[in-house]
Novice: 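What follows is a structure written as structure tokens; I'll ask about it next.
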Amino acid sequence: MPRTIGGKFVTQASSVAQEGDDAWHNGDYDVARSCYEKAAGLFADSGDDEGEAFILFRLGDLELSLDNFDKAESVLRAAAELVKNKDYAQSTFGEILTRLAKLEASRGKPHEALQYIKDARGVLESIDNKNLLGDVYDLEAYVYLLEGREKDALKTYKKAAEMFRLDNVTLKEASVLRAIARIEMKNKSYDEAHDVLERCRDLYRENGDLLGEASALSAIGCLRYIIRDIENARKALMKSVYLYGKVDHHYAEAESLLYLARVEAIDKHLGDFERAKSHYKRSIELFDFLDNQMMKNSVLEEYNNFLNRCMG
């Protein structure tokens with residue numbers, strides 16, 4: 001559904017829909033709902049079934065974000081009915097089915113979610129939409145995790161990553177790779193996890209996503225710490241701390257400083273106890289600045305235990 005040409009709204013319906021998006025972004029949910037309902041009516045009056053379905057999809061998304069599951073289901077089902085038999089609108093139909101799957105997963109109904117996923121996958125495979133297929137696989141893997149089916153989740157995340165790679169949707173690929181790395185680390189498949197995280201970091205760096213790159217570096221540092229590769233753990237975590245500081249993400253910066261302190265506190269030969277003290281103190285300061293007393297006290301306790309160990 002094109003909304004603008006040359007920066008100008010194509011139709012009144014498009015303009016009202018944009019007002020709904022803006023209101024949602026600003027947290028004015030009642031206004032957003034009203035705008036979407038009005039826009040859907042305008043599209044219906046003009047006979048634009050796909051436009052109406054798209055706006056109902058947005059309205060369903062809004063209701064889902066507010067945990068209004070019954071309202072979301074009603075709206076999304078209505079949207080699906082409008083486009084299910086429209087050859088030109090199958091990508092929209094596939095997206096709607098995917099959102100219905102997400103709805104059922106949010107309700108704690110994995111079986112129903114997987115049925116919608118199967119339907120969505122069939123629709124999107126028929127039109128070879130790799131980007132949306134990646135979204136479907138990503139959601140399917142999440143549902144498998146909810147069911148405790150970790151092996152199935154890992155296989156499906158890899159399918160999602162491949163779809164995003166083939167369609168060059170690099171930020172989505174990076175996000176899925178991060179999920180893959182978490183499972184591989186849990187399974188102690190450290191070599192596989194490291195390769196995935198390196199690819200993840202490269203993708204974030206290519207996109208100029210400093211926050212994503214910092215997150216990948218933090219994970220690489222923790223992995224290297226686990227396998228006692230202290231030098232490379234230190235390098236990765238120091239870069240992570242720097243990037244988190246650069247984007248003013250103080251909570252994540254404090255966490256990475258804590259991980260870096262643990263690296264330096266490992267022993268006197270591989271680590272550096274004076275650096276460990278400095279990192280612990282800075283982490284405590286940041287959590288205090290954020291008024292996160294629980295984390296501040298937790299790090300302070302760990303720091304005191306470290307000092308006692310040094311003196312022992």
Side-chain angles (χ1 to χ4, degrees), residues 134 138 141-142 145 157-158 160-161 164-165 168-266 270-272 275-292 294-296 298-300 302-303 306:
D138 188 10
Y142 170 72
L145 285 180
Y157 273 134
K158 288 180 179 179
F164 291 137
R165 186 190 68 79
N168 198 35
V169 190
T170 51
L171 285 177
K172 285 185 179 181
E173 181 188 354
S175 176
V176 171
L177 290 174
R178 192 73 176 83
I180 291 171
R182 280 192 288 269
I183 296 175
E184 297 286 21
M185 286 180 69
K186 182 180 177 183
N187 293 336
K188 298 183 179 180
S189 302
Y190 298 128
D191 288 341
E192 291 84 350
H194 185 268
D195 290 345
V196 169
L197 287 170
E198 287 287 355
R199 166 71 175 161
C200 181
R201 180 188 64 172
D202 290 344
L203 290 174
Y204 280 128
R205 182 184 291 169
E206 289 171 10
N207 282 277
D209 187 333
L210 297 183
L211 192 58
E213 184 181 354
S215 175
L217 283 165
S218 179
I220 290 171
C222 290
L223 186 155
R224 287 298 177 185
Y225 171 69
I226 290 170
I227 63 175
R228 294 302 186 258
D229 181 359
I230 299 305
E231 181 179 352
N232 285 317
R234 180 186 295 116
K235 288 179 181 178
L237 286 167
M238 286 180 69
K239 290 178 184 177
S240 175
V241 169
Y242 168 74
L243 290 176
Y244 277 134
K246 194 171 182 179
V247 296
D248 293 326
H249 197 312
H250 297 306
Y251 184 92
E253 182 185 0
E255 277 194 323
S256 285
L257 281 164
L258 173 59
Y259 303 148
L260 189 53
R262 290 170 179 170
V263 166
E264 300 295 2
I266 187 169
L270 295 174
D272 186 319
R275 285 182 182 176
K277 292 176 185 177
S278 176
H279 297 323
Y280 273 125
K281 288 178 181 178
R282 179 58 180 154
S283 179
I284 292 165
E285 288 172 1
L286 283 173
F287 282 126
D288 186 43
F289 170 74
L290 295 169
D291 198 27
N292 191 322
M294 184 180 72
M295 285 302 300
K296 174 190 171 183
S298 177
V299 178
L300 184 58
E302 183 174 325
Y303 176 50
F306 163 70

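Residue numbers start at 1 and run along the sequence shown. All of these numbers come straight from a predicted model, not from anything done at the bench.
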Novice: Scan residues 209-246 for pairs that pass ring pair (Phe, Tyr, Trp, His ring centres under 6.0 Å), counting only residues two or more places apart or in two chains.
Specialist: Y244-H249
Novice: Looking at M185 and A193, what are the two nearest heavy atoms and their distance?
Specialist: CG-CB, 3.6 Å
Novice: With under 30° as parallel and over 60° as perpendicular, where do the rings of F287 and Y251 fit, or are they tilted in between?
Specialist: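 Geometry flag for Y251 against F287: perpendicular rings.
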Novice: Kindly compute the distance separating CD1 (I180) from OG (S175), expressed to the nearest 0.5 Å.
Specialist: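 It is 10.0 Å, given to the nearest 0.5 Å.
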Novice: Using a 6.0 Å cut-off, check whether atom CE of M238 has over 12 heavy atoms from anything other than its own residue.
Specialist: no
Novice: Given side chain to side chain donor-acceptor pair (under 3.5 Å), test H194 with R224 step by step and report yes or no.
Specialist: CA-CA 9 Å; H194 185 268; R224 287 298 177 185; 3.1 Å; yes
Novice: Could you tell me the separation between the NE2 atom of H250 and the CG atom of N292, rounded to the nearest 0.5 Å?
Specialist: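 If we round to the nearest 0.5 Å, H250:NE2 and N292:CG are 13.5 Å apart.
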Novice: Show the nearest heavy-atom pair for residues G134 and A160, with the distance to one decimal.
Specialist: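 Closest pair (atom of G134, atom of A160, distance): O-CB, 3.5 Å.
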Novice: Considering only heavy atoms from C-beta outward, does the side chain of L270 approach that of R228 to under 4.5 Å?
Specialist: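 Side-chain contact under 4.5 Å: no.
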Novice: Provide the closest heavy-atom pair for E253 versus G245 in the form atom of the first, atom of the second, distance.
Specialist: OE1-CA, 3.6 Å
Novice: Measure across A161 and E173 and return the closest heavy-atom pair with its distance rounded to 0.1 Å.
Specialist: O-CG, 3.8 Å
Novice: Shortest non-hydrogen contact from Y157 to L145?
Specialist: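 It is OH-CD1, 3.6 Å.
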Novice: If we only count heavy atoms from C-beta on, is the Y280 to R262 side-chain gap below 4.5 Å?
Specialist: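 A side-chain contact under 4.5 Å exists here.
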Novice: Restricting to non-hydrogen atoms, name the atom on S218 and the atom on S256 that form the minimum distance, rounded to 0.1 Å.
Specialist: OG-OG, 3.4 Å
Novice: Around atom NZ of K239, are there more than 12 heavy atoms of other residues, nucleotides or ligands at under 6.0 Å?
Specialist: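 Counting other residues, nucleotides and ligands, NZ of K239 stays at 12 neighbours or fewer.
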Novice: Could you give me the CA-CA distance, side-chain angles and deciding distance for K281 and E285, then say whether salt bridge (Lys or Arg N to Asp or Glu O under 4.0 Å) is met?
Specialist: CA-CA 6 Å; K281 288 178 181 178; E285 288 172 1; over 6 Å; no
Novice: Measuring from atom CG of N232 to atom CG of L237, what distance do you get when rounded to the nearest 0.5 angstrom?
Specialist: 11.0 Å
Novice: Quick check for you: to the nearest 0.5 Å, what is the distance between S215 atom OG and E255 atom CD?
Specialist: 9.5 Å
Novice: Checking side-chain contact (heavy atoms from CB on, under 4.5 Å) between L257 and each of S240, S278, S283, which is the one that passes?
Specialist: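 That would be S283; it is the only one of S240, S278, S283 passing the side-chain contact (heavy atoms from CB on, under 4.5 Å) with L257.
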Novice: Just wondering, do L223 and I227 contact through their side chains at under 4.5 Å, heavy atoms?
Specialist: yes
Novice: Let me check something: any side-chain donor-acceptor pairs from residues 201-209 under 3.5 Å, sequence neighbours excluded? List them with distances.
Specialist:
{"unit_1": "R201", "atom_1": "NH2", "unit_2": "E198", "atom_2": "OE1", "d": "2.7"}
{"unit_1": "R205", "atom_1": "NE", "unit_2": "E213", "atom_2": "OE2", "d": "3.2"}
{"unit_1": "R205", "atom_1": "NH2", "unit_2": "E213", "atom_2": "OE2", "d": "3.4"}
{"unit_1": "N207", "atom_1": "OD1", "unit_2": "T170", "atom_2": "OG1", "d": "3.4"}
{"unit_1": "N207", "atom_1": "ND2", "unit_2": "T170", "atom_2": "OG1", "d": "2.8"}
{"unit_1": "N207", "atom_1": "ND2", "unit_2": "L203", "atom_2": "O", "d": "2.8"}
{"unit_1": "D209", "atom_1": "OD1", "unit_2": "L211", "atom_2": "N", "d": "3.3"}
{"unit_1": "D209", "atom_1": "OD1", "unit_2": "G212", "atom_2": "N", "d": "2.8"}

Novice: To the nearest 0.5 Å, what is the distance between CG on L260 and SG on C222?
Specialist: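 Interatomic distance, L260 CG to C222 SG, rounded to 0.5 Å: 10.0 Å.
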Novice: In Å, rounded to the nearest 0.5 Å, how long is the span from CZ of R182 to CG of L177?
Specialist: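 R182 CZ to L177 CG: 11.0 Å, rounded to 0.5 Å.
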